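Since we're looking at a predicted model, the values are computed, not measured. Convention: sequence-line order gives letters A, B, ...; per-chain numbering from 1.
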Amino acid sequence: MKIKMKDGSIKEADFEEELGKNAFWHTTSHILAQAIKRLYPTTKCAIGPSIAEGFYYDFDFDFRFSEEHFTEIEAQMEKIVKENLQLKHFTTDRKKAIQIMEKREETYKVEMLNDLPENEEISFYQQGEYLEMCSGPHVAYTNVIKAFKLLSVAGAYWRGDEKNKMLTRIYGISFPSKDMLKEYLNRLEEAKKRDHRKLGKELGLFALFEEGPGFPFFLPKGLILKNLLIDYWRKLHIREGYTEISTPIILNRQLWETSGHWEHYKDKMYTTLIDGADFAIKPMSCPGAMLVYKMESHSYREFPMRISELGLIHRNEKSGTLHGLMRVRCCTQDDAHIFITPEQIQDEIKGIVHLIDEVYSNFGFKYHVELSTRPKNSIGNDEDWEMATNGLKNALDSLKLPYIINDGDGAFYGPKIDFHLEDSIGRTWQCGTIQLDFQLPQCFEAEYIGKDGNKHRPIMIHRVVFGSIERFIGILIEHFAGKFPLWLSPIQVKILSISDKYIDYAKKIEMTLKKEGFRCEVDGRSEKIGYKIRTAQLEKTPYMLIIGEKEVKANHVSVRKRDDGDLGNMSIKQLLEILHKENIS
RNA sequence: GCUUCCGUGGCUCAGUCGGUAGAGCGAUUGAUUCGUAAUCAAUAGAUCGUGGGUUCGAGUCCCAUCGGGAGCUCCA
């Protein structure tokens with residue numbers, strides 16, 4: 001495949017290569033824009049890049065645009081592909097470029113041009129009558145785009161700013177062959193089956209009601225899962241030297257004014273009146289932890305002082321951002337506040353990074369790390385911010401952990417290291433985070449006695465491993481497609497009787513397993529064994545025990561595994577061995 | 001919050017041009033007592049998200065509102 005570069009040169013690249021793929025998708029977005037201009041000439045074009053999977057183009061339509069228009073657009077695109085237009089490239093100076101775009105009434109392009117330096121050389125690509133200001137690269141001819149599909153339409157703010165006009169964004173995908181497109185669409189369908197909202201309903205894990213948008217209910221099986229994660233978490237945190245506290249979810253306005261939340265987090269906090277005074281439901285647990293810290297005086301000898309808390313927090317998230325368990329208005333953060341001296345920054349951060357890595361690796365999660373720096377509405381002085389940001393940066397560098405910098409995305413009180421996990425369709429969600437904070441100890445005038453016998457201000461680390469347990473469960477469900485490992489399965493073993501003559505024996509086995517700590521239940525309905533197996537499979541139960549005449553006589557069980565099928569006959573002792581061996585977190 | 005689409009029994013979905021709701025699964029009851037992914041039969045279950053409007057007549061058309069999906073903005 002020939003690729004036309006910005007400097008006019010031609011390179012050879014396959015679709016599988018990054019360069020080829022980007023050019024391919026980018027050109028498809030131009031074909032989309034060309035089709036749109038042919039069909040609706042008054043439409044203004046904004047931008048249309050290739051993205052991680054496919055491409056989009058932002059348009060300003062002068063009519064209501066919906067997916068109903070896709071059919072005729074796709075037909076027009078098909079035509080453009082068949083016309084096999086050549087992509088021609090040229091450059092001009094900025095002044096000329098503005099003239100060209102003004103003549104075509106492309107106001108968004110003109111606005112972009114006006115923001116570029118005056119001496120900038122402007123690159124253009126042209127295919128047939130369609131001209132686009134664009135730095136490419138592009139494929140050389142339109143007819144390599146053998147298969148494409150428009151996927152969805154959505155709103156997107158011009159230049160990503162909600163104060164600007166909302167444009168109409170059309171997403172699409174394209175491939176060099178029809179089969180590849182089919183395969184891609186199949187994969188999307190498969191991924192949808194792993195959606196935690198769908199599985200959460202099917203497996204009876206959690207529920208959301210319109211009576212409480214964004215406030216998830218945990219159902220019996222989901223709560224087992226949540227509690228198991230908490231047990232696992234406690235065990236790790238005891239090992240790592242944390243002590244656990246629990247602080248109230250409602251505290252008075254003065255506290256939130258001291259912490260800065262009342263000013264910086266006001267629109268996200270739910271408030272209430274108690275005896276006529278303002279109170280707020282906590283959106284974070286840190287101020288409560290601060291009160292506990294300040295109850296008594298502390299020495300550097302106690303540091304690092306690691307105080308953990310499973311904090312139930314509430315935040316008024318915008319309705320449009322809610323998403324199953326991933327984005328909710330009420331969740332439990334596996335929080336901890338760690339008080340340290342400046343010398344302890346590096347080691348403590350590294351320890352936490354290791355802990356997070358241990359947990360994520362244990363579940364087989366892939367993750368990426370971001371360093372988020374000072375946001376616009378922050379508190380504190382430049383010096384502290386720089387020290388904190390460098391502290392995090394140095395820790396990451398010395399761990400040789402790859403990360404990207406997320407400029408201006410830190411908390412209002414400090415920079416942070418964020419750990420992002422992927423859901424079933426590749427969207428990433430921030431889970432773990434480590435935040436270095438010089439401000440809150442300042443606001444609360446927290447102190448410790450140093451080696452020199454004088455009072456000093458401690459540094460505070462805020463950190464979560466799961467992030468929110470809700471979101472983490474969402475990721476878990478999608479990662480395992482509902483097939484949890486044995487230790488996390490709400491029901492680990494289902495005992496299926498072949499007829500009700502064997503129910504007593506089945507119940508005896510149930511008691512034996514329960515005494516050994518396994519979660520199991522008997523399916524004693526008067527149904528055929530095939531049907532009971534089907535039910536248990538659909539519930540994604542890891543182990544099924546089939547109980548009939550043979551088993552009762554031999555005092556055995558027939559074992560069936562969720563993914564491996566029939567394991568044959570064995571004694572209860574053998575079964576317990578297998579179960580115990582597998583049942584580890 | 002914004003753009004756009006969607007909202008029919010517990011679940012998944014059908015319902016033509018407006019003519020007064022239908023299937024499968026599930027549930028319940030009865031029969032069946034069965035060997036590794038669906039036994040048979042019967043019964044119950046819906047004022048079609050909610051509130052207005054147009055119309056002789058609205059699940060179907062219009063408006064508002066609530067909830068949901070996709071994305072944007074925001075964020076654990």
Side-chain angles (χ1 to χ4, degrees), chain A residues 56 58 61 64-69 151-171 192 195 197-198 201-202 208-214 267-268 283-284 311 313 315-329 331-335 372 375 406 409 411 416 418-421 425 427 429-433 435 462-472 474-475 496-503 525-538 544-551 558-562 565-569:
Chain A
Y56 68 76
D58 287 347
F61 291 103
R64 170 188 274 227
F65 186 90
S66 78
E67 289 187 22
E68 284 171 31
H69 298 90
L151 296 172
S152 64
V153 48
Y157 298 107
W158 166 236
R159 298 196 147 177
D161 188 333
E162 67 180 321
K163 285 186 212 84
N164 289 340
K165 186 172 184 184
M166 184 161 265
L167 306 175
T168 304
R169 178 170 295 181
I170 300 175
Y171 284 90
K192 276 189 199 149
D195 190 312
R197 291 164 301 184
K198 184 173 152 67
K201 192 184 251 179
E202 285 171 7
L208 282 154
F209 298 96
E210 86 179 57
E211 286 81 351
D267 54 334
K268 284 228 175 157
M284 294 178 187
I313 60 155
R315 294 177 184 178
N316 188 8
E317 301 291 351
K318 288 180 189 169
S319 58
T321 64
L322 302 177
H323 183 90
L325 286 182
M326 302 296 200
R327 190 76 183 278
V328 293
R329 288 190 169 131
C331 66
T332 305
Q333 281 185 326
D334 63 319
D335 220 336
S372 298
N406 201 345
D409 207 35
K416 51 188 189 142
D418 294 326
F419 294 76
H420 293 250
L421 295 173
I425 60 169
R427 289 177 292 214
W429 298 89
Q430 185 193 314
C431 289
T433 173
Q435 309 176 353
H462 311 246
R463 49 109 279 189
V464 290
V465 178
F466 293 145
S468 90
I469 297 179
E470 285 71 9
R471 179 176 287 183
F472 199 80
I475 299 274
L496 318 176
S497 56
I498 282 177
S499 86
D500 50 14
K501 281 184 264 177
Y502 316 111
I503 288 184
R525 295 176 300 173
S526 60
E527 294 287 351
K528 286 185 162 175
I529 195 65
Y531 185 75
K532 293 186 187 182
I533 287 170
R534 181 183 151 79
T535 308
Q537 285 285 157
L538 290 175
M544 285 150 265
L545 306 182
I546 286 92
I547 304 296
E549 196 183 350
K550 273 189 297 187
E551 288 73 21
S558 241
V559 182
R560 184 188 162 95
K561 233 179 140 173
R562 179 177 59 198
D566 195 352
L567 298 189
N569 246 266

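- Contact between the side-chain N/O atoms of A:K198 and the OP1/OP2 oxygens of B:C11 is not found at any separation under 4.0 Å.
- Separating the CD1 atom of A:I170 from the C1' atom of B:C5 is a distance of 14 Å, rounded to the nearest angstrom.
- Between A:R64 and B:C5 there is a side-chain polar atom (N or O) within less than 4.0 angstrom of OP1 or OP2.
- The phosphate of B:A76 (OP1 or OP2) has a side-chain N or O of A:K416 nearer than 4.0 angstrom.
- In terms of phosphate contacts, A:R560 brings a side-chain nitrogen or oxygen within less than 4.0 Å of OP1 or OP2 of B:A37.
- Under 4.0 angstrom from either OP1 or OP2 of B:A76 there lies no side-chain N or O belonging to A:H420.
- The side chain of A:R197 places an N or O atom within less than 4.0 Å of a non-bridging phosphate oxygen (OP1 or OP2) of B:G69.
- A side-chain donor from one of A:S372 and A:D418 sits under 3.5 Å from a side-chain acceptor of the other.
- Between A:R427 and B:A70 there is a side-chain polar atom (N or O) within less than 4.0 angstrom of OP1 or OP2.
- The same atom, C1', is picked in B:A21 and in B:G30; the two are 29 Å apart, to the nearest Å.
- B:C5 sits 37 Å from B:G45 when the P atoms are compared, rounded to a whole Å.
- Here A:E551 lies in heavy-atom contact (under 4.0 Å) with a base.
- Within 4.0 Å of A:Y171, counting heavy atoms only, lie sugar-phosphate atoms of the nucleic acid but no base atom.
- Considering only side-chain N and O atoms, A:R525 lies nowhere under 4.0 angstrom from the phosphate OP1 or OP2 of B:U28.
- Side-chain N/O atoms of A:K201 include one lying less than 4.0 angstrom from OP1 or OP2 on B:U12.
- Between A:Y531 and B:G35 there is no side-chain N or O to OP1 or OP2 distance below 4.0 Å.
- Among the nucleotides B:C72, B:A76, B:A31, the one closest to any side-chain atom of A:M166 is B:C72.
- Taking atom C1' on both B:G53 and B:U16, the two are 25 Å apart, rounded to the nearest angstrom.
- At a cut-off of 3.5 angstrom, the base of B:G1 holds at least one donor-acceptor pair with the side chain of A:Y157.
- When the C1' atom is compared between B:A38 and B:C56, the two are found 49 Å apart, to the nearest whole Å.
- Minimum atom distance to the side chain of A:R534 is reached by B:A37, of the listed B:A37, B:C72, B:U33.
- Among the candidates A:R329, A:K268, A:H323, the single residue satisfying the side chain to side chain donor-acceptor pair (under 3.5 Å) test with A:E317 is A:K268.
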